[in-house]
Amino acid sequence: MRERSSVVERDGSYTWFERAKSVIAGGVNSPARSFRAVGGDPPVVMDRGEGAWLIDVDGNRYIDYLAAFGPLILGHSHPQVVEAVRQAMAEGPLLGTPHPSEIRLAEELVRAVQGLEQVRLTTTGTEAVMSAVRLARAFTGRTKVIKFEGAYHGHSDAMLVKAGSGASTIGTADSLGVPQGVTQDVVSLPYNDIERLEEVLSRIGDQVACVLTEPIVGNMGIVNPAPGYLQKMADLTHKAGALLIFDEVITAFRFHYGSAGALLGVIPDLYAMGKIIGGGLPAGAYGGRRDIMDYVAPLGGMFQAGTLAGNPLSSVAGLATLQVLREENPYPRMDRLANDLATALLHLAARHGLVASVNRAGSGFTLFFGTETVQNYTQAQQADAGQFAAFHRLMLNEGVYLAPSRYEAWFVSAQHGPDEIERTVQAADRAMAHIMQG
Ligand SMILES: *Cc1c(COP(=O)(O)O)cnc(C)c1O
């Protein structure tokens, strides 16, 4: 047994973050990495990852449940991924021409993802969703997009629109700088509310290019679709002559070797993917029905491109990751560990007198404090921010790295084992006891 991490000194982190703040906006290259949602301490600056662990610049070790927000299903620095990237690097990281590894990755995606007849590789999930939406508009000749509150679909202008108050179907933006001309074409509805979708489609269905959703939501915490919800959504969408897009940037290959849509028995017209399929390097993909993909340039009139899209490094990292997932099938084991951990956390919460609930899908779950059921964003927002912030800080000092937001998932990787789970449970026991002592 290794010693329990005793996290006391983070002087190196503080020093690095001071440097970061002077030259990087807010000190972070993506706002979700800051600790603003959990009390505003400086974030921990990590030196490296090893399997299921993160090691910070002061040498402190943390069991990692962030998985870099989803991609690292094989944990950090998996030897097969590292070796594939090393070789590809030696052969030239960028060619600017077609090359075999991007074609192999596309073939593997088409083989594994039901309903994916053709694909286009991108560099990020943001681009994958943005392009799928543009394609849906090109194909249908319509402009409106329906999406769901609390879901994150990347940071393109249209995807930063949320619902306006009241019964308005005209969105307002979550971000400054998104023009009104963009927001007026995006409608944001509550997730898991089929009546609302039906009502809106009956009114404006003939203007709707696509209904866009995560089949299992990962970005307001994990939220599973109610039974029958996705099938009904697909039926209503198609009845309106619109396309169904599944944003599977988190969910593709997270729960089984394929899409969450296939797992749930609903196949969309278009998929957007990312994260796991790049094996930790920048990658995204969108695709689906061939008749729709024929609209993409150079065959069709929908333009989309990318200097780094399908680059050799990302392609081989994705291929190596998929190969390990296919050959080793770590899913049942990861699911069992995640279930063990989530169940233990719920028991601990009850024992310490904390109200809490867990939403789990396979190896991902969210622990919500102060609320018993979360099926949509309104309910997710009711989760106790203060308790989560305290828990986050206490767990960090116990050597457990959780995503610094109550709206994120805990991801168990293929490198987590019973030892990590047991240590995490013991840490959570002490953290919850501390919270209840005030
Ligand atoms: C992460 C994420 C994106 C954006 O992907 P990036 O690679 O960060 O641009 C889009 N949709 C979902 C569901 C995501 O989780």
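Just so we're clear, the structure is a prediction, and the values are computed from it rather than from any experiment.
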**Message:** Could you go through Phe246 and Val266, starting from their C-alpha distance and side-chain angles, then the distance that decides it, and tell me whether this counts as side-chain contact (heavy atoms from CB on, under 4.5 Å)?
**Reply:** CA-CA 10 Å; Phe246 279 175; Val266 182; 3.8 Å; yes
**Request:** Just jot down the ring-ring contact (aromatic ring centres under 6.0 Å, His included) partners of Tyr331, sequence neighbours excluded, or say none.
**Result:** none
Please list, one pair per line, the donor and acceptor atoms closer than 3.5 Å that link side chains of residues 38-48 to other protein atoms, with sequence neighbours excluded.
| unit_1 | atom_1 | unit_2 | atom_2 | d |
| --- | --- | --- | --- | --- |
| Arg48 | NE | Glu50 | OE2 | 3.3 |

**Request:** Could you please spell out the steps behind the side-chain contact (heavy atoms from CB on, under 4.5 Å) verdict for Leu354 and Met436?
**Result:** CA-CA 8 Å; Leu354 281 158; Met436 290 316 279; 3.6 Å; yes
**Message:** Contact between Met159 and Asp247 at the side-chain level, heavy atoms closer than 4.5 Å - yes or no?
**Reply:** no
**Message:** Restricting to non-hydrogen atoms, name the atom on Tyr377 and the atom on Glu149 that form the minimum distance, rounded to 0.1 Å.
**Reply:** CB-O, 3.5 Å
**Prompt:** What heavy-atom pair brings Thr251 and Pro215 nearest, and what distance separates the two atoms?
**Reply:** OG1-CG, 4.0 Å
**Message:** Using 30° and 60° as the class boundaries, would you call the ring planes of Phe388 and Phe369 parallel, tilted or perpendicular?
**Reply:** tilted
**Message:** What I want to check is whether the side chains of His352 and Asp429 have a donor and an acceptor closer together than 3.5 Å.
**Reply:** yes
**Asked** Looking at OG1 of Thr373 and CG of Asn359, how far apart are the two atoms once the value is rounded to the nearest 0.5 Å?
**Response** 7.0 Å
**Item:** Stepwise side-chain contact (heavy atoms from CB on, under 4.5 Å) test for Leu243 and Leu135
**Value:** CA-CA 10 Å; Leu243 299 182; Leu135 179 56; over 6 Å; no
**Request:** Decide whether Glu408 and Ser405 meet the rule of one side-chain donor and one side-chain acceptor closer than 3.5 Å.
**Result:** no
**Pairing of Asp419 and Arg423 as salt bridge, 4.0 angstrom limit** = yes
**Fill in**
So the salt bridge (charged side-chain N to carboxylate O under 4.0 Å, His left out) pairs with at least one residue in residues 12-35 (sequence neighbours excluded) are Glu18-Lys21
**Request:** Kindly indicate whether the side chain of Met395, heavy atoms from C-beta on, has any atom under 4.5 Å from the side chain of Thr424.
**Result:** yes
**Prompt:** Quick one: does Lys232's side chain get under 4.5 Å of Glu198's, heavy atoms only?
**Reply:** yes
**Request:** Could you name each residue pair satisfying side chain to side chain donor-acceptor pair (under 3.5 Å) that touches residues 269-282, not counting sequence neighbours?
**Result:** His238-Asp269, Ser259-Tyr271, Asp269-Arg289
**Item:** Heavy-atom pair of closest approach, residues Leu109 and Ala285
**Value:** CD1-CB, 4.2 Å
**Request:** Show your reasoning for whether side-chain contact (heavy atoms from CB on, under 4.5 Å) applies to Val412 and Tyr65.
**Result:** CA-CA 6 Å; Val412 170; Tyr65 291 99; 4.1 Å; yes
**Message:** Test of understanding: with salt bridge (charged side-chain N to carboxylate O under 4.0 Å, His left out), list the residues that count as partners of Arg86, not counting sequence neighbours.
**Reply:** Glu83
**Within residues 13-45 or reaching into it, pairs that qualify as ring pair (Phe, Tyr, Trp, His ring centres under 6.0 Å) - sequence neighbours excluded** = Phe35-His392
**Request:** Look at the side chain of Ser357 and the backbone N and O of Thr371, then say whether any donor-acceptor pair between them is shorter than 3.5 Å.
**Result:** yes
**Asked** Cut-off 3.5 Å, side chains only: do Gln304 and Arg120 have a donor facing an acceptor?
**Response** yes
**Request:** Name the orientation class of the two ring planes belonging to Phe148 and Tyr191 (parallel below 30°, tilted from 30 to 60°, perpendicular beyond 60°).
**Result:** perpendicular
